[in-house]
Structure formats: structure tokens, C-alpha cells
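Residues: numbered from 1 along the sequence shown. Both counts, for ligands and for their atoms, begin at 1 and track the order of listing.
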Amino acid sequence: MQSLELFETPAQDPCQRLGPAAMVLRGFALPYVQQVLPAIEVIAATSPFRHMVTPGGFTMSVALTNCGALGWTSDRRGYRYTSVDPDAGVPWPVMPEAFARLASQAAKAAGFEHFEPDACLVNRYTPGARLSLHQDKNERDYDAPIVSVSLGMSATFLFGGHARTDPAVKVPLHHGDVAVWGGVDRLRYHGVMPLKDEPHALLGSQRINFTFRKAG
Ligand code: MD3
Ligand code: FE
């Protein structure tokens with residue numbers, strides 16, 4: 001007698017399409033976690049997580065740092081990519097091998113061959129932290145995709161349209177999920193709902209998200 005499960009759809013589709021060129025690869029980063037977590041510690045030892053100020057004068061609830069040749073920063077003068085960490089006064093930490101491998105493998109799995117990011121923005125969320133709807137448009141090359149990796153506590157991602165007022169779809173992102181988006185979806189508005197405090201077994205009351213970009 002065959003098991004009924006064979007005829008049921010899986011609880012989690014391993015690849016969830018969000019748009020013509022946007023998808024979530026469920027659990028894709030899980031095999032990399034053991035290498036990636038200590039690498040984040042190494043990065044934060046040189047370039048600590050910090051709460052940046054937006055050009056409008058608001059302090060971001062998400063703390064961030066970077067690795068790679070270029071790092072994203074914000075202050076009262078605007079958003080931009082720099083090669084030097086303005087707080088530490090030294091170049092951003094080198095992108096770890098395991099990061100680069102994860103990024104290019106995920107991009108490939110989503111249909112983007114030869115993704116070579118030069119920037120990796122690392123976000124750290126604690127309970128209540130959120131990211132309001134925005135577009136990622138400080139990068140020079142909109143043809144390259146963006147790859148994002150979620151670790152730790154789950155979050156509700158908001159996937160909007162090309163105008164800020166377009167309705168947004170809510171997408172849960174869990175530990176190990178990787179999102180890849182490019183092409184016609186590259187400039188869609190997106191954000192993250194305030195993080196709920198549901199501690200994660202490995203990371204406790206935090207969520208780490210890192211996004212790989214071709215910025216220069
Ligand atoms: C955008 N980070 O750092 S990435 C950012 O979870 C940022 O920390 C968020 O937005 C975070 O700029 C979200 C996930 C994501 C997934 C699919 C997208 C962003 C997307 C599809 C289109 C545009
Ligand atoms: Fe973004």
C-alpha cells in the first residue's frame with residue numbers, strides 16, 4: 001500500500017517563484033551555515049554591526065556591516081558604496097570564500113550564470129527591527145541579480161511592485177532560505193515587517209540577512 005504523502009504537495013516547495021525573475025530557494029543555505037556563521041564573527045570583529053542614519057535623519061532599526069570590495073553605507077549626506085569602512089577607517093573585510101561560493105551557486109540554481117558579487121551587505125535584526133519599503137538602486141549594474149540569505153529567526157518579507165503604492169505580497173523567510181532576483185524584478189519595492197521575538201535554536205533572538213550585489 002502506497003503512502004498517501006506521495007499524492008500531497010510538500011509543505012514547503014523547495015523553489016518558490018515570486019516573479020518572472022525572482023524566486024526563493026528554500027533551505028539552500030543550510031549546507032553552508034557551519035562555514036558562514038564563524039565568518040560573520042570574523043567580519044564583525046573588524047567592521048562591527050552599526051545602526052546607520054538615513055539621509056532623512058532616522059536611525060535604522062536594522063544594524064549592518066559589509067564585506068567585499070565595496071560596502072553600502074548611509075549618513076545624512078546620502079546612500080552610497082565605499083571601499084573603506086567609514087567607522088573603522090580601513091577597507092571592508094574580504095568576502096569569505098564560503099560566501100562567494102554560496103552566492104554564485106544560488107544564482108546559478110535560479111538561472112543566473114557567472115554571478116560575481118563585489119559587495120555583501122550583512123543585516124542584523126533584533127525583535128522589532130524592520131525595513132521599510134525601498135528599492136535597491138545604488139548599484140551600478142542592474143543586469144546582475146541580487147542574492148539574499150536568511151539565517152536565524154523567521155521574518156515576513158514584503159514583495160511589492162515597481163511603484164511604492166503597489167500592493168505587496170507577504171513571503172515568510174526562514175533560516176537557510178535564499179532569495180534571488182534580477183531582470184524585470186530587480187527594482188521591485190521590498191521590505192521586512194517588524195521582527196517577532198521567536199528565538200531561533202542556533203542564533204537566539206536575532207535574524208541575519210546578507211545580500212550579495214554587483215555594486216561597482
Ligand atoms: C528585492 N534586505 O538589505 S532581502 C536590503 O531581509 C534588503 O534584510 C532585506 O532589502 C532583508 O536591501 C530583504 C530579500 C529580497 C528577496 C527578494 C526580492 C529582496 C528582494 C525581490 C525583489 C526585490
Ligand atoms: Fe533591499
Quiz item: If you measure from CD on Q16 to CG on L173, what distance do you get to the nearest 0.5 Å?
Solution: 9.0 Å

Quiz item: With the Fe ion (ligand 2) as the point of reference, which N/O/S atom of D136 is the closest?
Solution: OD1

Self-check item: All pairs passing salt bridge (Lys or Arg N to Asp or Glu O under 4.0 Å) where residues 154-171 contributes a residue, at least two apart
Solution: none

Quiz item: Roughly how far, to the nearest 0.5 Å, is the CG atom of L121 from the CG atom of N66?
Solution: 5.0 Å

Table of N or O contacts for ligand 1, cutoff 3.5 Å:
| unit_1 | atom_1 | unit_2 | atom_2 | d |
| --- | --- | --- | --- | --- |
| ligand 1 | 3 (O) | N123 | ND2 | 2.9 |
| ligand 1 | 3 (O) | R213 | NH2 | 3.3 |
| ligand 1 | 6 (O) | R207 | NH1 | 3.0 |
| ligand 1 | 6 (O) | R207 | NH2 | 3.0 |
| ligand 1 | 6 (O) | N209 | ND2 | 3.3 |
| ligand 1 | 8 (O) | N123 | ND2 | 3.1 |
| ligand 1 | 8 (O) | Y125 | OH | 2.6 |
| ligand 1 | 8 (O) | N209 | OD1 | 3.2 |
| ligand 1 | 10 (O) | H134 | NE2 | 3.2 |
| ligand 1 | 10 (O) | H190 | NE2 | 2.9 |
| ligand 1 | 12 (O) | H134 | NE2 | 3.1 |
| ligand 1 | 12 (O) | D136 | OD1 | 3.2 |
| ligand 1 | 12 (O) | D136 | OD2 | 3.4 |
| ligand 1 | 12 (O) | R213 | NH2 | 3.0 |

Quiz item: Of all residues at least two apart in sequence or in a different chain, which pass the salt bridge (charged side-chain N to carboxylate O under 4.0 Å, His left out) check with R77?
Solution: D75

Self-check item: D141 and R186 ion-paired at < 4.0 Å
Solution: no

Practice problem: Measure the acute angle between the ring planes of F99 and F212, then classify it against the limits of 30° and 60° as parallel, tilted or perpendicular. | Solution: perpendicular

Quiz item: If the Fe ion (ligand 2) is the vertex, what is the angle to NE2 of H134 and NE2 of H190, rounded to 10 degrees?
Solution: 90°

What pairs of donor and acceptor atoms, side-chain ones from residues 190-197 against any protein atom, are under 3.5 angstrom apart with sequence neighbours left out?
| unit_1 | atom_1 | unit_2 | atom_2 | d |
| --- | --- | --- | --- | --- |
| H190 | ND1 | H134 | O | 3.3 |
| H190 | ND1 | R188 | O | 3.0 |
| H190 | NE2 | H134 | NE2 | 3.0 |
| H190 | NE2 | D136 | OD1 | 3.1 |
| D197 | OD1 | S205 | OG | 2.8 |

